[in-house]
K.L.:
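This is the structure I have questions about; it appears just below.
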Amino acid sequence: MSQWSAIADIAEKVQKGELKAENLVAQALKTIEDNQDFSAVIATIEDRAKERAIEIDNRVERNEAVGRLAGVPFIAKDNFLTFGSETTAASNILKGFEAPYQSTAIQRLEAEGAICVAKANLDAFAHGSSTENSDFMTTKNPHDKTKVPGGSSGGSAASVILDMAPFALGTDTGGSIRLPAAFCGAVGYKPTYGLVSRSGVVAMASSTDVIGPLTRTVEDAAVVLDVIAAKDALDGTTIEPEGDGYALSPELSALSSKKIGVIKEYMSDGIDVKVKAQIEAAITKLKDAGAEIVEVSLPSLPLALACYYIICPAEVSSNLSRYDGQRYGFSHPEAKNLDDSYNLTRSEGFGTEAKRRIMIGTYVLSSGYYDAYYKKAQQVRTKLIDEFNKTFETVDFLLGPTAPMTAFEIGKHANDPLEMYLTDIMTVAVNLVGVPAISIPAGKIDNMPVGLQLIAPQHKDRDLLGLASQVERIIA
Amino acid sequence: MIPMVKLSHEDVLKLARLARLQLTDSEVTQFSGEISAILGYVEQLKSVDVDSLMPTSQVTGLTNVMRKDDMQNYGPTPADLLKNAPATKDGHIKVNRMLA
């Protein structure tokens, strides 16, 4: 049982003066302290958080407006630029970096009274599926310390399940919110591409990067999304949110009027038989509750991972070229000339996975290989988009597992990056296509959580959250 | 059957040079195997016929997002932005000499 009630309830009690923001922050910081051995958090933001809490409590006493998330503590993945702590993206090359401005998502949450209390661990630069690629430490799964929490937002997912805060922010480039949500038993929401501003978030693969919440319930995820979704002049790829917003409302509850397609390719070879059985059991419950469920096939889905592992490293190699040791971040002290400075700084500052992705990206973008790899992947991306669009002409939503397995042992894939990449096989297509998706808990196998994934067409985030809240209730 | 791509040590060193990375001998050996395996995996796209499809580089459908050509104040001052620089001089970032 969580020590936190629903986010909307916490905020309401703070607004009424029944709960003190200062106490909520202290409670969050104590829980973080008590669970340090899980390595979910890189740094706490104590001074600034306490100051903001006191300010909110004072405003309540003066009967001034304090916002929809008044006093609600949260934890941000450490690739969000924040005041009050370093922002490192869990990389040595950004160690010591103090953000001169905050990300738009953090600014919007603060404007509604939410309080960032800590920065969560991740795979450095969000490159990974387990947090083992963090340059600092590996986060442990809250259910079993010998297992990974998933990644790259592993610290965010673990922190929510360890009850450190009512919600955490993550980023999802190829599954980095949904996978750790599935492995830790949290709700993880990946919005339509462009719905939340990427300004002030360390860039990974810009054409698929999105920002979203990790929470205990769909309702909480909807409340947070409602605050952070907005068009932003600082991110030219942002889109207009839906007019009615994203907070859940009763008219979204008609499960029986919607048609759900179970993705055949995600339920066939390669999936752990117990995970498959768990998802099938959930499907049976949904059918019993009146949902219309059919099987659908998207034949190009098996190509999505190969497509992603061309496009993603290509964009990574471009985005990470800015870390050159000249303007901010680590700079090698022994460099004798500019070229030397670039080489030494990047060689020492980047971890193995960042180097691997930079080199794959450099290869697929280089003259002579560009058409065979990068352009080809972009065309396969079009094929995937076409298949999703066609499928959404016949069904309203798609359903499948979030991952083909439950959380694996720490170190299991340490020497085989390709095996690690395969963890993302059921999440990457959604990013390439730009559609919204959510992972919700669907029970446990041998005490380890299973994630069920629901996917909607672009710009149908509101409907997706409505459906997810129904599914959450029915399969609980 | 997936045709095997095999990156030689020289290929890896060339990529590292292009990406401004200086690798140790053991990293060269490691990456030559690992990157070859990953490129081998993505070879499966080669057999897919997508010649008639346009490449997708973004999914928003937005084109030419413009703003007014005005100076805008986003908060941080030049001093804030210079605070993280490894070396500064007279309000500028100081770097090593570019030309010998």
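Side chains included, hydrogens not; waters and symmetry mates left out as well; all remaining heavy atoms used. Since the model is a prediction, treat every value here as computed from it, not as a measurement. To find a chain, count down the sequence lines: A is the first, B the second, and so on, and within it residues start at 1.
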K.L.:
Would you please name every residue forming a side chain to side chain donor-acceptor pair (under 3.5 Å) with A:Ser347, sequence neighbours left out?
P.N.:
none

K.L.:
Check A:Asp340, A:Asp339, A:Asp324 against B:Arg20 for a salt bridge (Lys or Arg N to Asp or Glu O under 4.0 Å) and give me the one that passes.
P.N.:
A:Asp339

K.L.:
Mind checking which of residues 65-74 of chain B sit less than 4.5 Å from chain A, heavy atom to heavy atom?
P.N.:
B:Val65, B:Tyr74

K.L.:
Work out which heavy atom in B:Gln44 is nearest to a heavy atom in A:Pro302; give both atom names and the distance.
P.N.:
OE1-O, 3.7 Å

K.L.:
Under a 4.5 Å heavy-atom cutoff, which of A:Lys355, A:Lys375, A:His459, A:Lys336 has the most pairs with chain B?
P.N.:
A:Lys355

K.L.:
Name the region of B:Leu82, side chain, backbone, both or neither, that has any atom closer than 4.5 Å to a heavy atom of chain A.
P.N.:
neither

K.L.:
With sequence neighbours excluded, what pairs up with A:Arg322 under the side chain to side chain contact (heavy atoms under 4.5 Å, CB included) test?
P.N.:
A:Ala203, A:Asn319, A:Arg327, A:Tyr328

K.L.:
Any side-chain heavy-atom pair from B:Phe31 and A:Thr352 closer than 4.5 angstrom?
P.N.:
yes

K.L.:
Who are the side chain to side chain contact (heavy atoms under 4.5 Å, CB included) partners of A:Ser331, not counting sequence neighbours?
P.N.:
A:Ser341, A:Thr345, B:Pro86

K.L.:
Of the non-hydrogen atoms in B:Gln22 and A:Leu344, which two are nearest, and what is the gap between them?
P.N.:
NE2-CD2, 3.8 Å

K.L.:
Go through A:Ile239, A:Ile310, A:Leu432 and name the one with the most non-hydrogen pairs under 4.5 angstrom from chain B.
P.N.:
A:Ile310

K.L.:
Indicate yes or no: at least one non-hydrogen side-chain atom of B:Asn96 is less than 4.5 angstrom from one of A:Tyr342.
P.N.:
no

